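Just so you know, these numbers use all the heavy atoms, side chains as well, and skip hydrogens, waters and symmetry mates. Owing to the predicted nature of the structure, the values given are computational and were not obtained by experimental measurement. Below, chain A is the first sequence line, B the second, and so on; all start at residue 1.
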Amino acid sequence: MSHLLKLLAQRVVLGFLLLLAVSALIFMGTEILPGDVAQSILGQSATPEALANLRRDLGLNEPALTRYFSWLGNLLQGDLGTALTNGADISSSIGKRLYNTVFLASVAAVLAVPLALVLGMLAVRYRNRWPDKLISGSTLAFISLPEFFIGYLLIYFVAVKLGWFPSVATVFESMSFAERLSAVALPATTLTLVVLAHMMRMTRAAILNVMQSAYIETAELKGLTGFKIIFRHAFPNAIAPIVNVVMLNLAYLIVGVVVVEVIFVYPGMGQYLVDHVAKRDVPVVQACGLVFAAFYIFLNMLADIIAIVSNPRLRHPK
Amino acid sequence: MATDAAFLEVRNLQIGATVYPPDAKPHDIRIVEGVSFDLQKGRVLGLIGESGAGKSTIGLATLAYGRGGVQITGGEIFLHGEDILSAGKKSVRTTRGSKVCYVAQSAAAAFNPAHRLIDQVIEASLENKVASKSVLTQRAITLFESLGLPDPQHIGSRYPHQVSGGQLQRVMTAMALCSQPDLIVFDEPTTALDVTTQIDVLAAIRHAIQKTGVAALYISHDLAVVAQIADEMMVLRHGKVVEHGDSRQIIESPRQEYTQALVNVRAIDHPPSTTDAAPLLKVGNITASYPGSDVAVLRDVSVQIQPGQTLAVVGESGSGKSTLARVITGLLSPSEGVVTFDDRVLSKSLGGRSRDDLRELQMIYQMADVAMNPRQTVATIIGRPLSFYFGLRGKQKRQRIAQLLESIELGPEYADRYPAELSGGQKQRVCIARALAAKPRLIICDEVTSALDPLIADGILKLLLNLQQREQVAYLFVTHDIATVKAIADSIAVMYQGQVVRYGAKAEVLTPPFDDYTDLLLSSVPEMEVGWLDGAIAGRRMESAGH
């Protein structure tokens with residue numbers, strides 16, 4: 001097996017091991033939490049017999065390890081259990097929510113990632129001149145403002161004053177793709193503005209770092225234009241640090257969008273999680289935690305893999 | 001005839017830069033002052049000088065380029081009658097891409113690691129629409145072949161890290177030739193190469209220049225190298241022209257004192273001494289490899305050094321000579337063999353050695369720059385071993401520091417300076433003083449003169465020889481430079497691929513009959529003589545025909 005494949009396989013295996021460890025952590029965390037599930041389902045007025053019966057039915061009397069493995073076993077078969085509060089199948093309710101969250105995150109990513117890269121390269125091209133300062137300053141301003149503030153600003157100006165997009169991002173299954181896009185326009189813009197600065201600044205810094213290399217001088221002495229030097233000669237050598245930051249931000253788009261979802265009343269994972277934490281619906285919280293962890297681990301694994309593959313020394317060994 | 005007219009005319013070139021010293025106001029300095037020359041088609045002009053002489057700066061100016069904050073402040077550079085310095089950005093790009101090309105010192109760093117060689121070789125020509133991609137690719141392959149690269153059809157599809165340093169330097173020459181330019185600027189193209197590789201690359205470059213009839217500026221600090229390739233030479237110092245003339249005249253009858261010094265450099269005469277004293281250091285059957293690898297970097301190496309004597313370990317990069325130094329100092333534990341110092345066996349690892357073991361064995365490095373803490377003064381740097389090994393403080397310590405500074409021929413006022421305020425040679429002297437401060441009996445010198453200009457290097461070697469006489473200290477001198485070896489060694493070990501291939505007293509090692517490798521090594525060192533290269537190559541051909 002080639003060195004490259006070995007490295008990639010290593011990453012994938014590590015990713016799965018990490019996910020396994022996280023599943024144990026999540027399970028342990030919800031174990032430690034105070035409160036009794038049976039009690040919270042039946043309420044304060046439940047009789048001790050009813051509580052005992054429910055505990056037995058829920059399997060709460062089994063040792064923690066047994067319950068962990070049966071939970072894990074069901075998980076591997078795609079069964080996330082049923083919600084305690086309404087008895088709904090968690091897999092199917094998460095499925096719809098997750099689709100919405102991923103859709104919003106994808107729209108934001110499709111806007112933000114290319115924009116951040118282009119702005120980063122522009123900032124390098126005109127470094128320490130006004131375009132650089134304008135880009136750095138404005139993206140920094142957006143990252144400094146809280147998300148809810150940007151969200152309400154957009155609602156006020158774009159939705160209320162201009163009336164271009166709806167202020168409430170309601171989506172339902174019968175919507176067409178275009179309608180969905182229009183519905184998520186404002187939350188996606190908010191998210192874009194929030195994650196833009198970090199990615200753009202990393203792009204700028206990573207490319208500037210590479211611009212010191214001797215091969216950039218070679219490119220200049222070949223008579224290439226500034227943009228070609230940055231895009232063709234500097235950027236390919238700066239991918240690894242950039243992709244790491246990009247993936248961290250993409251993970252944030254999926255895992256950290258609770259505030260934006262609440263502002264725009266968007267039916268995504270964040271709201272679902274918050275609702276069920278409030279109700280102490282442990283199986284739902286566990287399932288959501290695991291899904292978020294899976295995305296986080298997957299995106300970071302992807303970042304590692306892209307960084308490895310972008311290295312010509314590993315791709316083309318001697 | 002148009003061919004006799006100069007196509008490149010440099011008139012009264014002035015180049016400067018603004019410097020920002022930490023403790024003074026920013027001010028302008030002059031790097032090149034009033035340099036003028038003409039170049040005819042097909043001629044090669046060698047630009048000679050030490051670092052800071054402005055030779056690279058002049059070379060880059062012919063591409064209308066200033067490195068870092070360097071600015072061309074005055075003068076004209078005419079290429080075919082057009083002043084490239086007053087031309088617009090677009091015309092400068094055309095000049096750089098298709099008329100004047102540059103070959104950098106380190107091709108390994110000058111090639112972009114992310115792209116295939118062929119794409120980089122034809123990039124500038126393609127950008128300037130010199131010809132179609134297929135024509136250029138074919139041209140590149142032809143150039144690869146004429147530069148003696150292996151597998152010219154396919155070497156272009158490799159990435160820079162997949163070919164050797166010497167090959168990369170040839171690919172870079174092909175890259176410069178690809179657009180069929182009027183002028184190529186070679187900036188120390190063989191300096192970073194091993195001496196046996198240098199001769200091949202030098203021959204390939206000269207062959208390409210002769211074949212294509214391109215004119216060239218050949219920049220080097222090594223007069224002997226330039227003598228093999230340049231028709232005329234210009235000696236520069238502090239940005240001014242010292243002497244400009246025909247190569248043969250410069251080498252054989254230099255007019256200026258400075259040029260004479262350059263030509264006569266490395267004329268140090270050190271009669272080797274022998275002694276019957278018991279060896280101070282015995283390296284016995286050392287085999288070593290780096291952690292995590294089972295490739296032996298040293299195989300069964302045995303050498304010894306008598307007190308107050310110098311052993312030169314000579315070899316090319318990868319021969320294991322620096323690894324040997326690391327094993328002796330304890331930085332790398334050998335898998336087999338022992339190092340004996342003054343009849344006691346030294347611990348394999350650094351941690352197992354006593355303070356006296358550490359004190360008696362000191363080291364001086366190639367890069368004096370990075371071997372000193374930039375935030376410490378010279379007094380602190382030299383004073384550290386004094387308090388560490390001898391517990392000196394206060395007045396005693398200051399006196400000893402002054403003594404040490406005197407012994408390295410620097411005044412007491414240097415004690416309060418920072419490394420950044422010293423020249424390259426002075427930095428190396430401070431490193432020598434730091435090693436001496438421990439009163440060692442053996443100093444390991446790892447390529448200590450390699451990063452220095454020849455005249456400065458000579459000064460350092462002389463200093464080391466004087467100190468040896470006075471202090472009776474022994475040296476283990478690790479170097480790739482035969483001239484250095486000849487200048488200072490009492491005995492020599494020639495290393496090749498981790499083994500000692502020849503070992504003995506200096507006269508013995510340098511006298512025929514040679515083994516194959518030593519012969520190759522010795523015959524590859526350029527001599528200060530016009531036409532030496534032809535003889536050396538002819539000699540090699542005969543030899544390979546004979547074998």
Anything in [range] with a heavy-atom distance to chain B below 4.5 Å? Please list those residues in order.
| range | result |
| --- | --- |
| residues 187-226 of chain A | A214(A), Y215(A), E217(A), T218(A), E220(A), L221(A), K222(A), G223(A), L224(A), T225(A) |
| residues 294-317 of chain A | P312(A), R313(A), R315(A), H316(A), P317(A) |
| residues 236-250 of chain A | P236(A), N237(A) |

Heavy-atom count check: over 12 atoms from other residues, nucleotides or ligands less than 6.0 Å from [X] [atom1]?
| X | atom1 | result |
| --- | --- | --- |
| Y290(B) | OH | yes |
| F78(B) | CZ | yes |
| F142(A) | CZ | no |

Greatest number of heavy atom pairs closer than 4.5 Å to chain A - which of [options]:
| options | result |
| --- | --- |
| S179(B), P113(B), P160(B), G97(B) | P113(B) |
| Y102(B), F111(B), Y159(B) | Y159(B) |
| H161(B), R96(B), M175(B), Q162(B) | H161(B) |

request  = Could you tell me which residues in residues 123-141 of chain B have at least one non-hydrogen atom under 4.5 Å from a non-hydrogen atom of chain A, sorted by residue number?
outcome  =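 Result: E123(B), A124(B), E127(B), N128(B).
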ask   = With only heavy atoms counted, which part of A104(B) is less than 4.5 Å from chain A, the side chain, the backbone, both or neither?
value =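 Contact with chain A involves no heavy atom of A104(B) at all.
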